[in-house]
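For reference, the structure discussed in these notes is given below.
Sequence lines set the chain letters: A, B, ... in the order given, protein chains first and strands last, and positions in each chain run from 1. Given the structure is predicted, the values throughout are model-derived calculations rather than measurements.
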There are 2 protein chains.
Amino acid sequence: MSMQESSGVALWRQVADGIERGIADGRFAAGEKLPGEMEIAETYRVNRHTVRRALAALAERGLVRAERGSGTYVEAQRLAYPLRSRTRFSEIVGAGGHEPRGQLIEAGEDIANREIARELCLKIGAPLIRIEAVRLADRTPICVSTTWLSAERFPDAGNVFANVHSMTKLLGHYGVKDYHRASTRITAAIADATDAARLDLSLGRPVLVVDATDVDMLDQPLVTKRSRFAAERVEFLVENG
Amino acid sequence: MSMQESSGVALWRQVADGIERGIADGRFAAGEKLPGEMEIAETYRVNRHTVRRALAALAERGLVRAERGSGTYVEAQRLAYPLRSRTRFSEIVGAGGHEPRGQLIEAGEDIANREIARELCLKIGAPLIRIEAVRLADRTPICVSTTWLSAERFPDAGNVFANVHSMTKLLGHYGVKDYHRASTRITAAIADATDAARLDLSLGRPVLVVDATDVDMLDQPLVTKRSRFAAERVEFLVENG
DNA sequence: TCAAGTTGTCTATGATACTAGACAACTTGA
DNA sequence: TCAAGTTGTCTAGTATCATAGACAACTTGA
């Protein structure tokens, strides 16, 4: 018997994703015992060895734990991430009982392409500061983001961010007392090699890609950014009404 | 030279995803010529044959078109999908210049688990109608959704939906004049085999998973649903303030 | 016309992925 | 204690993945 789907995704990986989805949506509760390897193999119509490889991958990521002679058990949970007009990473993570951390990867200069120029109401080719940062809850990386600011309005923003480790504090440094989210666009993709490494994700894992622009109290654009969230670690909450 | 990452995702697939991302975020504009196979191979540090397999996969999905002796050219676009309090699939798709279509896959009975009971303010074990449907823009499937309604309040809802092909019309049939979105939760996952087939996606493609509950004008819950959107075909827009 | 650059097709080889079967090591409950 | 059920480990064979090189077929621009 053979399974040729030729999707470019290994069978063990498909099984692992299936089990992970089961964990994420509650079919397998935390602490609960998974079905036996044989039963999983029959469910997915694959060999037991293929299931073992899937479970090994999940175990390595800390989602399950195998106990010889007994069974394989679940251990996981996702971070709830509300998308509000006032979106602050530190507050959201703190509210979830975790310690928020930010880490600068790289800061440099850039020039505005058409898209960024439109978002920030600048001219194409205008000088920008580009900040690459990773944000964590406790010791788990949650997202990496690329942030662009006008280099004219926020000179030396890269160095300031390196000191304060927070976008809110950075803006405060330039006299911005408060700001809020003007637009948010969400889609999903597969993490590229760089992001996967920074998020401590294995290759091929999905990320939620969020393009957002923050404005001040007069609706003047301040910063625009593209964040990539590890899909397996967060769940966005959109609150209407 | 060798590349052993052993992520469970074939190299050609990683290259294909990388190029697709480039198309999605505008690095490669529609109609534009991609870099030559040799150049792509050098970029990703893989063999030219691996690049060819990636391009073949993209060509089969209609994202690119190869012309012998000349080059490989892009052809694609994503559907903008605003997430508002008043979210109507048909209006969104229609506004984008496409023809919205809905298709019933299956309707049946179900009983409320804890999560659904909470969303619909019912007791655990309460009888439900479960509707599986796929929704398309022109002839392209955009999302599949599983919708749950109280079987007491909406008796025979499955047959009604089969006739009207629209959730808005179904609710109208029971006297609900207007409704709006109460909560929306978004995450991403890999499409399972069933969803992949229904969305005409190859295995391993990411989907945006949306859990949402609609309420009437008195904030009484009407329906709760879990939709899976083909990530490569949509882009969610969250509009704040 | 022609050279340079492009995609298309062939052969070949080694590494991984998947299947298959067998048995060991261990846990649990009767 | 013991049988049934669990995970862990070994061997082997087949198919797919990825690499490598060579050359054909075709397009483009000088």
Side-chain angles (χ1 to χ4, degrees), chain A residues 1-19 28 31-75 190 193 202-204, chain B residues 1-19 28 31-75 190 193 202-204:
Chain A
M1 188 170 290
S2 61
M3 275 280 306
Q4 284 76 283
E5 276 290 352
S6 195
S7 65
V9 181
L11 274 178
W12 65 263
R13 181 59 187 277
Q14 296 180 40
V15 174
D17 288 335
I19 295 171
F28 304 126
E32 204 175 89
K33 186 161 128 177
L34 288 180
E37 294 173 349
M38 272 305 205
E39 191 175 336
I40 297 176
E42 283 163 15
T43 305
Y44 288 91
R45 312 274 179 84
V46 297
N47 191 276
R48 182 181 154 230
H49 293 288
T50 307
V51 172
R52 284 183 59 70
R53 175 129 199 211
L55 290 173
L58 293 175
E60 199 188 4
R61 287 176 39 215
L63 271 87
V64 301
R65 162 183 41 86
E67 287 184 9
R68 182 177 187 145
S70 172
T72 305
Y73 301 83
V74 179
E75 30 194 3
I190 302 297
S202 50
L203 281 176
Chain B
M1 189 170 291
S2 60
M3 274 280 304
Q4 283 77 283
E5 276 289 352
S6 194
S7 65
V9 180
L11 272 179
W12 65 262
R13 180 61 185 276
Q14 296 180 40
V15 174
D17 288 334
I19 295 171
F28 304 127
E32 205 174 87
K33 185 160 130 177
L34 289 180
E37 294 172 350
M38 272 307 208
E39 191 175 335
I40 296 175
E42 282 162 16
T43 306
Y44 288 90
R45 312 274 180 82
V46 296
N47 192 275
R48 181 181 155 230
H49 294 287
T50 307
V51 173
R52 285 184 56 72
R53 173 127 201 214
L55 290 173
L58 293 174
E60 199 188 5
R61 287 176 38 214
L63 269 85
V64 302
R65 163 184 41 86
E67 287 185 10
R68 182 176 190 150
S70 173
T72 306
Y73 300 83
V74 178
E75 28 196 3
I190 302 297
S202 48
L203 282 176

Once you round it to whole Å, what is the distance between [atom2] of [N] and [atom1] of [X]?
X: Met38(A); N: dT7(D); atom1: CE; atom2: C1'; value: 12 Å
X: Leu58(A); N: dT7(D); atom1: CG; atom2: C1'; value: 16 Å
X: Leu55(A); N: dT6(D); atom1: CG; atom2: C1'; value: 12 Å
X: Trp12(A); N: dC17(D); atom1: CH2; atom2: C1'; value: 14 Å
X: Arg52(B); N: dC17(D); atom1: CZ; atom2: P; value: 16 Å
X: Leu34(B); N: dG5(C); atom1: CG; atom2: P; value: 19 Å
X: Glu37(A); N: dG8(D); atom1: CD; atom2: C1'; value: 8 Å
X: Glu39(A); N: dT7(D); atom1: CD; atom2: C1'; value: 15 Å

Polar pairs (N or O, both sides) under 3.5 Å between protein and nucleotides 26-29 of chain D?
{"unit_1": "dT27(D)", "atom_1": "O4'", "unit_2": "Gly69(B)", "atom_2": "O", "d": "3.4"}

Nearest-neighbour nucleotide for the [X] side chain, [options] considered:
X: His49(A); options: dA20(C), dT7(D), dG8(C); result: dA20(C)
X: Ala66(B); options: dA18(D), dT7(D), dT7(C); result: dT7(C)
X: Leu11(B); options: dG8(C), dA17(C), dA18(D); result: dA18(D)
X: Thr50(A); options: dT19(C), dT7(D), dT9(C); result: dT19(C)

**Q.** salt bridge (Lys or Arg N to Asp or Glu O under 4.0 Å) partner of Glu37(B), chosen from Arg52(B), Arg53(B), Arg68(B)
**A.** Arg52(B)
(Q) How long is the straight-line distance from CD1 of Ile40(A) back to OG1 of Thr50(A), given to the nearest 0.5 Å? (A)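 Rounded to the nearest 0.5 Å, the OG1-CD1 separation comes out at 12.0 Å.
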Q: Mind checking the OG1-CZ spacing from Thr43(A) to Arg45(A)? Nearest 0.5 Å is all I need.
A: 9.0 Å
Q: Could you tell me whether the side chain of Leu55(A) reaches within less than 4.5 Å of the side chain of Ile19(A), counting heavy atoms only?
A: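 SC-SC contact between Ile19(A) and Leu55(A) confirmed.
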Q.
Could you walk me through whether Tyr44(B) and Val51(B) satisfy the side chain to side chain contact (heavy atoms under 4.5 Å, CB included) test, starting with their C-alpha distance in whole Å, then the side-chain angles of each, then the deciding distance to 0.1 Å, before giving a yes or no?
A. CA-CA 9 Å; Tyr44(B) 288 90; Val51(B) 173; 5.8 Å; no
Q.
Would the base of dG21(D) count as contacting Arg48(B) through its side chain, where contact means a donor and an acceptor less than 3.5 Å apart?
A. no
(Q) Angle between the two end axes of the helix from dT1(C)-dA30(D) to dA30(C)-dT1(D), five base pairs per end, rounded to 10 degrees? (A)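 So the angle between the two local helix axes works out to 30°.
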Q: Could you tell me whether the side chain of Glu67(B) and the main chain of Tyr73(B) form a donor-acceptor pair under 3.5 Å?
A: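 Answer holds: no.
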Q.
Which is more 5' along DNA chain C, the nucleotide nearest Lys33(B) or the one nearest Asn47(A)? Just name the residue.
A.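 Its nearest nucleotide being more 5', the pick is Lys33(B).
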Q: Could you tell me which non-hydrogen atom of Lys33(B) sits nearest to which non-hydrogen atom of Ser70(B), and how far apart they are?
A: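 Shortest heavy-atom separation between Lys33(B) and Ser70(B) comes out as NZ-O, 3.1 Å.
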Q) What pair of heavy atoms forms the shortest contact from Ala16(A) to Ala54(A), and how long is it? A) N-CB, 3.6 Å
Q. Can you list the steps and then say if Thr72(B) with Leu58(B) is a side chain to side chain contact (heavy atoms under 4.5 Å, CB included)?
A. CA-CA 11 Å; Thr72(B) 306; Leu58(B) 293 174; over 6 Å; no
